[in-house]
Each structure stands twice: as C-alpha cells, then as structure tokens.
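In what follows, chains carry the letters A, B, and so on, assigned in the order in which the sequence lines appear, proteins first and then strands, with residues in each chain numbered from 1.
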There are 2 protein chains.
Amino acid sequence: MAETPVPQIAQRPKRADGRRNYDALLVAARTAFAEHGSDASLEDIAHEAGVAIGTLYRHFPTRATLVEAATRDGLEVLVSHARDVADRLAPLTALTDWMRHAVVHFSTFRGLVGILAQSMYDEGTPSHAMCAAMHTSGADLLRAAQRAGEVRADLTADELFGLLSGAAWVRETTRAGKDETERFIELVIEGIAVRTAGP
Amino acid sequence: MAETPVPQIAQRPKRADGRRNYDALLVAARTAFAEHGSDASLEDIAHEAGVAIGTLYRHFPTRATLVEAATRDGLEVLVSHARDVADRLAPLTALTDWMRHAVVHFSTFRGLVGILAQSMYDEGTPSHAMCAAMHTSGADLLRAAQRAGEVRADLTADELFGLLSGAAWVRETTRAGKDETERFIELVIEGIAVRTAGP
DNA sequence: ACCTGAACACCGTTCAAGT
DNA sequence: ACCTGAACACCGTTCAAGT
C-alpha cells in the first residue's frame, strides 16, 4: 500500500480558553507576518497574543501550520471568487480578473508565495489542500478561456501557476505598488493571450 | 552633502596564507550555497575550508559579502556575454539569448535571485555594483531591440529585470529542468515581443 | 484539555590571545 | 597581517509541572 501522508492542520479548540488563545494567536500571527514576513519571531507572536510559547506550539506544532491557519480564509475567498467570475464574466476576462486577485493573495506577506509554491506539489504539507483547490479553480478558468480560443491552447495549468507565482514574488520583493503590479500582470497576460487580428 | 554609502566588498589578501584561506572559503561557499541555498551554515563552510569561524568573518564580515565574492565571476561573464551577443546577433535574438543566460545565472543557487533583486536598487549592498553593471547590459540590449521595432517600445529596463527575476525565482523554487525553463522564458518573451503580421 | 516557563539545542557573531 | 576558538547572544523547540 502507498503511504498516504496526512498533513497537520490546526484545529480550533472546543474549550473556551483554548479557543480564545487560538484566535489571539492567529491575529498576532497575521500582524507579525505582514510586518516581518513568514519567518517572523514565534516568541514575539506568542507574547503579542498574551500566551506562553508552549501554547503556541500546542495549537500550531510547526510554523507551516500557523501560516496555513493564518492564510486559510483569504485563500478560500480566492477559490470562491473563481466560481463567481466564471458565472458572471466572459472567459478571458474571468481568467485575468482571477489572476489579479491570485497575485494579490499570494503576496499577502513576504515568504508566503514560496510556501504556497512548495505546497502545491508537496502533499503532507499543511497548505497542500488549499493549494490543490486553487489549482483546480485556476485550471477551470484556463480551460474555459482556451475553449473560447482566447488563450493559447498549449498553456498548462502548472505553467499558469508558475507565471502567477513569479508575478507574486516580484510584487513581494520589490514591494511594488498597485500600478506596477497591474502593469506586470498585463505583460504576463500578453504572453498567454491569443492576439486577435488588427482592423 | 549626500551620504555616499560605501558597500563592503571582500578583498583577496596579499599574504600567502590569507590568500589560501580566502580561496578555500570561496570554494567551500560555492559548494554549500549550491546544496543548501544562500542561508547555508557559515560554521560548516569554515569547517569545510579547514579554517576557524573567525577567519571566515575576517575575510567576509557579512553573509552578503561572501555571496557577492562567490558569484562575482559568474556575473562578470554574464556582463561580457552581453557585449558579445550585441556584436554577433540580431537585436531580438541577442536580447533573448542574453535573457536565457541571465535566468540561469540568477538561479545559480536558492536565494541568490532574492539577494540580487534587493541589491539592484539598494546601494551600499555588496552586490550592487555588479547588479548595476547587469542593469546597463540588459538596458542596452533592450534598447537595441526596441529601436529595431522587435520589442514593445513601452517596456522599461526595470520591468525587464522584474520578468527575468521572476522567471529565475520560479526556476529555483520548482527546481525546473532545462526544458521547463526554456518554455517558461519563451512565454515571457511572447509577452514583450512585437508580433509580426501573419502571411 | 489546556497553560506555563524553565531548560536545552543550535548557530550566528564577537573578541582577547596568539603567531 | 592573519588565525584560533572560547564566550556570548538569540531564538526555536521540548517537556515536566501545574490548573
């Protein structure tokens, strides 16, 4: 039988005091990650949340589980956003709109896109489930745009995520503003879109 | 008067024993970086080179100076390669050929492209001088291709380096092989090249 | 079931003593 | 001018004791 890796995913505790600490840790973690990136001090996060370091480790046995829990909601929004645009917008418009949102979410804080890129193909990683869901979302939008003949047919979903991750990494490392990010994504889209004949 | 930041650059010692250690440290560093990325253990590098940790710090006061010294030669090759292709090849071919080489050099080891992207716009960083030279090389090739009408005129050199760095980052994080890298760069080029009219 | 914080481990960095 | 390695500092991680 093949080994089925079971990734550690943080569970929100049932007891009231545990749940309070769990929530406070997530708030502190999101703030710390936003300011110092994914390698922010765990000691500081625990202190900011008003708990001892052992409590942090009890709820989040590894840094990756804390990152996963801190980003889960945002990425869930991204997945449901994909269904939304697929219903409301034309295929290419839907895809590019979703790509813009994906790049923003992937670069929520410094280091996140690296963790997500890793988790995409590594089962047994806390963020893998969410990454697989995003992969499906992106692949669906891509396929629709390709069926409509608006995106080059030879582009794979993996390549799409390579482009998205690369754009997100550039955004996080250059601390690019809204305009530069928009422009950069535009360049990427030019590379994958099928150019319609001029007038 | 404006502050002129003077970046620390490692100097090859004049005394024979110092030079031996300096060289041994560079060899050990290149091996360690290739295997463990830019955050490889400095203790291990010193041990591998057969010197005490203090000797490493004497020659390379910061990790950034060691990275700079370990990558200087390779990036010099890249800069002279730019002059080479500018003389030998047609503008767009020269640019794309150089882009391929740049992506490979930028992803020599995990973490390098992040350091270079940082150094590009941060004077006072050891790698800044080499990054500025690369920036000039790339900008020259880009300008020539734009004059020939083969690359979109509105692309800036900074955007070109964003695309190159992004591609290098994807390569280093996905440990992509030669074919995937080639394909990925092709997608980027499609986005910046001016499409010639079909037959 | 959950919390605390001392204790341990690891590694980067400095510096006094040495050649 | 260069080398050594003990000492210090910092931080991640564990775990025995407690509620």
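Atom NE2 in B/H59 sits about 12 Å away from atom C1' in D/dT4, given to the nearest Å. Counting to the nearest Å, the C1' atom of D/dC2 and the CZ atom of B/R58 are 5 Å from each other. As a whole-Å value, the separation of A/F60 CZ from C/dC2 P is 12 Å. If you take CG of A/L56 and C1' of C/dC3, they are 13 Å apart, rounded to a whole angstrom.
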Which nucleotides of nucleotides 10-19 of chain C have their base under 4.0 Å from a protein heavy atom (B), which only their sugar-phosphate (S), and which neither (-), written as one string 5' to 3'? --BBB-----
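B/T31 and B/V27 make their closest contact through OG1-O, 3.0 Å (heavy atoms, listed as atom of the first residue, atom of the second, distance). Minimum interatomic distance between B/D154 and A/R183 (heavy atoms only, all atoms of both residues): O-NH2, 2.9 Å.
Separating the OG1 atom in B/T96 from the CD atom in B/E186 is a distance of 10.5 Å, to the nearest 0.5 Å.
A salt bridge does not link B/R83 with B/D140: every distance from a Lys NZ or Arg NE/NH1/NH2 to an Asp or Glu carboxylate oxygen is 4.0 Å or more.
Shown for residues 16-25 of chain B: residues whose heavy atoms fall under 4.0 angstrom of DNA chain D, namely B/D17, B/G18, B/N21.
Ring-plane geometry between A/W98 and A/F161 is classed as perpendicular, the angle between the planes exceeding 60 degrees on a 0 to 90 degree scale with a lower cut at 30. In this structure, B/Y22 and B/H59 have perpendicular ring planes: the angle between them is above 60°, well past the 30° mark.
When the salt bridge (charged side-chain N to carboxylate O under 4.0 Å, His left out) test is applied to A/R19, no partner is found at least two apart in sequence or on another chain. Here B/V103 pairs with B/L164, B/A167, B/A168, B/R171, B/T181, B/I185 under the side chain to side chain contact (heavy atoms under 4.5 Å, CB included) rule; sequence neighbours left out. The ring pair (Phe, Tyr, Trp, His ring centres under 6.0 Å) test applied to A/F106 returns no partner, not counting sequence neighbours.
For the strand DNA chain D, secondary-structure stems (runs of at least three Watson-Crick or G-U pairs, all distances below 3.5 Å) span C:4-8 with D:12-16, C:12-16 with D:4-8.
Note on A/L142: it clusters hydrophobically with A/V79, by side-chain heavy-atom contacts below 4.5 Å among ILVMFWY residues.
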